[in-house]
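The chains referred to below are lettered A, B, ... by the order of the sequence lines, with proteins before strands, and numbering in each begins at 1.
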Protein chains: 2
Amino acid sequence: MDSNTDTGFMNSSDYEQIINDLKADSTFCEYKFSPSEITDYVKMEDVADSTDEHKLVIAYSPTCTLPCTDSYPGPYNFELMLDGSTSHKRSWVYSEMLQKVFIDINKTLLIQFRLSPNAGDLRVRALPVYSIADFLNIPVQRCALHMLNSDPQHQAHSEDNKVCYCANYSWVRHVVQSSHAAAIYDYDSASDRHSVVVPLDSPQPGSETVVVAYHFTCKTSCPQGMQRRPISVVFTLETSQGDVVGRQCLSVKICSCPKRDKEREEADNPLSEGWSMLDTCTKPKKRSSDHKYGSSKKSKQDNNHQIKAVNQLDQKKYDDIKSILMALCEQIGLLAENQNKLMEMIARMEDSQTKMIDALLQMLRQSS
Amino acid sequence: MDSNTDTGFMNSSDYEQIINDLKADSTFCEYKFSPSEITDYVKMEDVADSTDEHKLVIAYSPTCTLPCTDSYPGPYNFELMLDGSTSHKRSWVYSEMLQKVFIDINKTLLIQFRLSPNAGDLRVRALPVYSIADFLNIPVQRCALHMLNSDPQHQAHSEDNKVCYCANYSWVRHVVQSSHAAAIYDYDSASDRHSVVVPLDSPQPGSETVVVAYHFTCKTSCPQGMQRRPISVVFTLETSQGDVVGRQCLSVKICSCPKRDKEREEADNPLSEGWSMLDTCTKPKKRSSDHKYGSSKKSKQDNNHQIKAVNQLDQKKYDDIKSILMALCEQIGLLAENQNKLMEMIARMEDSQTKMIDALLQMLRQSS
DNA sequence: CCTTGGGGCATGCCCGCTTA
DNA sequence: TAAGCGGGCATGCCCCAAGG
């Protein structure tokens with residue numbers, strides 16, 4: 001308690017110390033996404049095989065209309081990690097609290113995929129989906145404005161959206177893209193969803209993970225595109241036959257100020273209570289979103305009406321009036337001030353008078 | 001002091017009364033744009049005729065690269081007016097202080113044109129220009145996003161922008177449009193400017209003005225379009241031969257919250273200082289922005305604008321303002337008077353208090 | 001219940017300060 | 001001096017209360 005000069009809980013240097021200690025531990029340098037629970041998809045697949053294969057393949061497609069977003073490590077213990085040290089804070093940040101990446105548009109996000117046991121001939125599909133249930137069935141699409149750059153004539157898709165020529169137009173409709181040389185850009189005409197599939201190479205010597213570079217080509221806020229609806233990226237581990245043998249999901253917000261927005265969302269998060277205590281102790285509460293300009297509005301509006309004609313005066317007249325106004329304002333200020341003082345004075349006098357009268361009455365009673 | 005419950009200066013009903021009085025005066029019902037000063041364009045035209053006509057016709061084109069924005073009533077005393085009563089506040093408002101219209105996108109703005117003497121076979125061209133000098137030479141164009149609606153394939157213009165097919169695509173590149181049946185949409189390939197020309201019909205019986213309905217198809221803030229750069233609309237009165245015989249200019253901001261934005265810009269305007277003090281006395285200072293195209297830089301420019309506009313004032317408005325000022329002075333007089341009364345009251349109270357204390361003391365002495 | 005207006009938030013963008 | 005950061009503004013849009 002000695003050096004805690006503030007509210008005594010934990011001061012900022014303590015806090016930094018702790019954070020630094022944590023960071024020194026290499027396992028904390030990476031944000032791990034480990035399996036949460038085994039879903040029952042294996043069972044479902046069994047059912048599928050026993051009935052109508054074609055129908056069920058569609059139902060199971062990772063890019064179907066209602067894609068599954070459940071975490072599913074599967075037989076390869078599929079997991080993904082982010083290395084916070086690979087980015088300038090400017091480009092992207094990860095919120096542990098929200099399990100969410102905040103990233104600027106078109107900035108590279110390196111994602112590490114880990115398989116154990118490792119295996120060849122597997123691929124990872126990245127598919128963006130809206131994380132709000134209401135929109136989960138809607139494909140995440142690029143906004144018109146951003147598409148204009150690569151495809152001004154709107155030629156990347158056929159009229160009926162059955163065929164996708166995005167590849168000829170810088171993958172214009174793919175919100176999630178990868179710079180991986182062998183990336184395959186996929187389009188599911190049934191669900192109208194675009195996704196990108198990257199073959200998982202073997203880990204580099206000495207490494208346990210395979211790194212894939214992704215970037216996002218629209219902002220979450222893009223009008224006519226994602227329209228501020230939060231999204232996640234579903235990463236599915238697939239065999240060369242397209243069977244899903246693993247899945248991990250990552251919330252993403254693509255925005256101009258990742259750091260600011262992360263902080264805001266964390267502050268708004270009810271879970272933050274505990275965490276925020278850490279630094280709330282050392283500085284005033286951030287936002288309470290309870291501004292009130294209230295009463296001033298009206299008078300201001302009236303004011304504007306008054307000013308109405310002022311503008312059109314010729315300079316001389318304008319100056320005259322302005323000086324009068326300034327003088328008037330000054331007068332009013334003084335008067336208002338004086339008046340407040342006077343009122344106070346009167347209040348005080350009344351108070352003391354009351355007391356005096358009381359005292360007087362008491363005395364009178366005593367003396368009588 | 002009786003009914004003035006606030007700071008005692010002038011209560012809102014008093015104030016409204018004054019404003020209403022002003023509004024009762026018909027000249028205050030309409031915002032007039034009257035001639036400021038005769039520009040020297042007539043002279044320039046003479047010069048033109050005496051030299052190379054073709055070259056100079058280009059130079060004088062109202063849609064040239066650097067369009068003239070000076071007010072020029074010309075031989076017909078061309079002026080324009082807005083009738084504030086024709087709009088829901090929601091659609092548009094006019095700021096007399098800023099001489100600027102704030103209007104929502106695609107909302108109808110009725111503009112009254114007045115000619116005296118009246119004449120047939122004249123037309124009015126409406127051309128949007130950036131009001132900041134840095135951008136005056138750049139044509140005001142629609143944003144890509146809004147153009148997509150009417151012309152998804154970008155076919156309204158030929159590759160080299162020499163030919164304009166906007167007419168086939170709902171005049172897709174015209175920011176300023178008119179619902180007038182005989183409106184002619186013009187394109188100047190030399191400057192790449194779009195404008196709309198409307199024939200001035202004769203005034204309806206009993207009216208002195210011709211009303212034309214305009215609307216704006218992009219917001220001033222549109223990305224890749226106007227990009228928050230403030231604009232004006234230049235209205236040029238033209239003969240059937242295309243000679244300019246009059247000009248008036250109107251600042252416009254196309255936005256989602258016209259009322260709010262008007263109030264903000266007015267509050268930021270240095271001219272409002274004096275008036276704002278009126279209620280600053282009772283509440284803290286508002287805001288002091290300094291953004292790129294917005295307030296502060298513009299305010300410098302506006303000063304010139306003001307000086308120019310200032311000459312436009314007629315005695316009537318000056319007198320009206322004077323009467324407001326007189327009313328203010330009177331109010332201050334009353335306030336001062338009240339203050340004197342309060343002082344007297346206090347003096348009397350002090351006096352009686354002193355007496356009471358004396359009496360009290362005397363009683364104490366007697367009783368002891 | 002539908003319309004209208006006000007208030008407030010979300011978020012892109014800009015500016016000026018700071019630091020390497 | 002250039003890049004990064006923090007701070008602030010501008011502005012579209014959503015929500016909610018109030019009035020027809």
Interatomic distance, A:E263 CD vs C:dT11 P [rounded to whole Å]
15 Å
Would you tell me if any nitrogen or oxygen in the side chain of A:K259 comes within less than 4.0 Å of OP1 or OP2 on D:dC5?
no
Atom CZ of B:R229 and atom P of D:dA10: how far apart are they, to the nearest Å?
17 Å
Would you check if B:T108 and B:W92 make a side-chain contact, meaning some heavy-atom pair closer than 4.5 Å?
no
Atom NZ of A:K219 and atom P of C:dG12 are separated, to the nearest Å, by 5 Å
Within a strict 4.5 Å, meaning less than it, do heavy atoms of the A:Y94 and A:L250 side chains meet?
yes
Of the listed D:dC13, C:dC13, C:dA10, the closest approach to the B:R260 side chain comes from D:dC13
Whole angstrom is fine here: how far is it from CZ in A:R228 over to P in C:dT11?
5 Å
Do the side chains of A:C255 and A:D104 get nearer than 4.5 Å, heavy atoms only?
no
Can you check the B:K262 NZ to C:dG6 P distance for me, whole Å?
12 Å
Starting from P on D:dG12, measure out to CE on A:M226 and report it in whole angstrom.
21 Å
Rounded to whole angstroms, how far apart are CG on B:D261 and C1' on C:dG7?
14 Å
Distance check: side-chain N/O of A:K253 vs OP1/OP2 of C:dT11, anything under 4.0 Å?
yes
Flag side-chain contact, heavy atom, 4.5 Å: A:V233 against A:C249
no
Rounded to whole Å, please give me the gap between CD in B:E265 and C1' in D:dC9.
12 Å
In terms of the nearest nucleotide of DNA chain D, which residue is placed more toward the 5' end: A:C257 or A:P223?
A:C257
